[in-house]
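Here the structure comes first, spelled out in structure tokens, and everything after it is commentary.
Chain letters run A, B, ... following the sequence lines, proteins first, then strands; residues in each count from 1. Being a predicted model, the structure only gives us computed values, none of them experimental.
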Number of protein chains: 2
Amino acid sequence: MTIAEVSKKYGLSVDTLRYYEKAGLIPPVNRKENGIRDYTEQDCGWVEFIKCMRAAGLSIEVLRQYIELYARGNRTLQKRKSLLVAERDRLKERIGQMQQTLKRLNYKISVYEQKITACEKKLLK
Amino acid sequence: MTIAEVSKKYGLSVDTLRYYEKAGLIPPVNRKENGIRDYTEQDCGWVEFIKCMRAAGLSIEVLRQYIELYARGNRTLQKRKSLLVAERDRLKERIGQMQQTLKRLNYKISVYEQKITACEKKLLK
DNA sequence: GCTTGACTTAGAGTACACTCCAGATATTAC
DNA sequence: GTAATATCTGGAGTGTACTCTAAGTCAAGC
């Protein structure tokens, strides 16, 4: 799979795909003899994983660390798990906060609806 | 209330408080004769609101627009509501995505737990 | 009266995450 | 064979949201 195809498939720019690889968010991508990237299924899996984690707000740095640990093999299992647990907890926290804010926005919107209805009635009088 | 007190109360730096005001995220703060900010209860309310919205990921620009509409008074009620509805929908979307990712992380962590247990057993053999 | 410390401003600097550019090379279409 | 298109690299540029600096003002304590 070419970089353009992967770009289209996941909705990430080719620049971003190269950036992620260079930054170590994705293990080095398979190349053809001429040096051109040829993404395997596994490469695509990593792209999808990183896209998902980035969308949830995990930082470039923490994902880079995770891939680094992954590259160091089985003896980093515990460390990788700890990293994921820490990020999971942070994510949970953020979601909780955002749900509070969602409620608040919903309430605010309902208040606006009442105000707008009140204003319309005034105009009809 | 001085800027230092508000900073402490809401956990925002004094720089950030001044930045928010300058950027129009908060209506101009009350001043003493000598030009020093003297936050009223209402000013604090705005700070708290903006802090909450920022934490949920609403952009500086959209909050600036909201405050601008607010400053223009009653005839912007409908526009303000539309803005809040749009942001509420975006927030909902983000929360949904993050909840998916939370599930995925939890699953990944459980897989790590299994792998780690398996590794320990091997070592004990 | 003078130092200390909190406040003021405008504007420069920083961190993060891309995004774009220039110049080179390679493949495809005609 | 040559023009167009896609890829490559290193490195510069951009947008967002702060964060810091410099230079100045003011009130309180010694």
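- Separating the OG atom in B:S59 from the CZ atom in B:R54 is a distance of 7.5 Å, to the nearest 0.5 Å.
- Applying the salt bridge (Lys or Arg N to Asp or Glu O under 4.0 Å) rule to pairs touching residues 88-102 of chain B yields B:E87-B:R90, sequence neighbours excluded.
- The stretch residues 16-36 of chain B touches DNA chain D through B:T16, B:Y19, B:Y20, each having a heavy atom under 4.0 angstrom from the strand.
- A:I50 is not listed as a side-chain neighbour of A:L58, based on a closest heavy-atom distance of 4.5 Å or more.
- Judged by the 6.0 Å and 45° rule, B:K108 forms a cation-pi pair with A:F49.
- Surrounding CD of B:Q97 are more than 12 heavy atoms belonging to other residues, nucleotides or ligands, all under 6.0 Å away.
- B:Y20 does not carry B:K51 over the face of its six-membered ring by the limits of under 6.0 Å from the centre and within 45° of the normal.
- Of all heavy-atom pairs spanning A:D38 and A:M1, the tightest one is OD1-N, 2.7 Å.
- Running 5' to 3' along DNA chain C, contacts with non-hydrogen atoms of chain A at under 4.0 Å begin and end at C:dA17 to C:dT27.
- Residue pairs that meet the ring-ring contact (aromatic ring centres under 6.0 Å, His included) test with at least one member in residues 68-102 of chain B, sequence neighbours left out, are B:W46-B:Y70.
- DNA chain C is contacted by A:R54, A:S59, A:I60 of residues 45-66 of chain A, taking any non-hydrogen atom closer than 4.0 Å.
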Tabulate below the donor-acceptor pairs under 3.5 Å that side-chain atoms of residues 3-11 of chain A make, not counting sequence neighbours, or state none.
unit_1: A:E5; atom_1: OE1; unit_2: A:T2; atom_2: N; d: 3.0
unit_1: A:S7; atom_1: OG; unit_2: A:L12; atom_2: O; d: 2.7

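- Within residues 83-93 of chain A, no residue has a heavy atom under 4.0 Å from DNA chain C.
- The number of heavy atoms from other shown groups lying within 6.0 Å of CD (A:E113) is above 12.
- Legend: residues meeting side chain to side chain contact (heavy atoms under 4.5 Å, CB included) with A:R31, ordered by chain and number and at least two apart, are A:E21, A:R37.
- A distance of 7.5 Å separates CD1 in A:I95 from OG1 in B:T101, rounded to the nearest 0.5 Å.
- Nearest heavy-atom pair, A:M98 versus B:A56, reported as atom, atom and distance to 0.1 Å: CE-O, 3.7 Å.
- Along DNA chain D, the stretch of nucleotides lying under 4.0 Å from any heavy atom of chain A spans, 5' to 3', D:dT7 to D:dG11.
- At least one cation-pi condition fails for B:K22 and B:Y19: the charged atom is not both under 6.0 angstrom from the six-membered ring centre and inside a 45 degree cone around its axis.
- Using modelled atom types, one finds a donor on one side chain and an acceptor on the other under 3.5 Å when comparing A:R80 with A:T76.
- Residues from residues 1-8 of chain A that place a heavy atom under 4.0 Å from any atom of DNA chain D, listed by number: A:T2, A:I3, A:A4.
- Listed by chain and residue number, A:D43 satisfy the side chain to side chain donor-acceptor pair (under 3.5 Å) test with A:T40 (two or more places apart in sequence, or in another chain).
- Looking at residues two or more places apart in sequence or on another chain, you find a side chain to side chain contact (heavy atoms under 4.5 Å, CB included) between A:R64 and A:L25, A:E61, A:E68.
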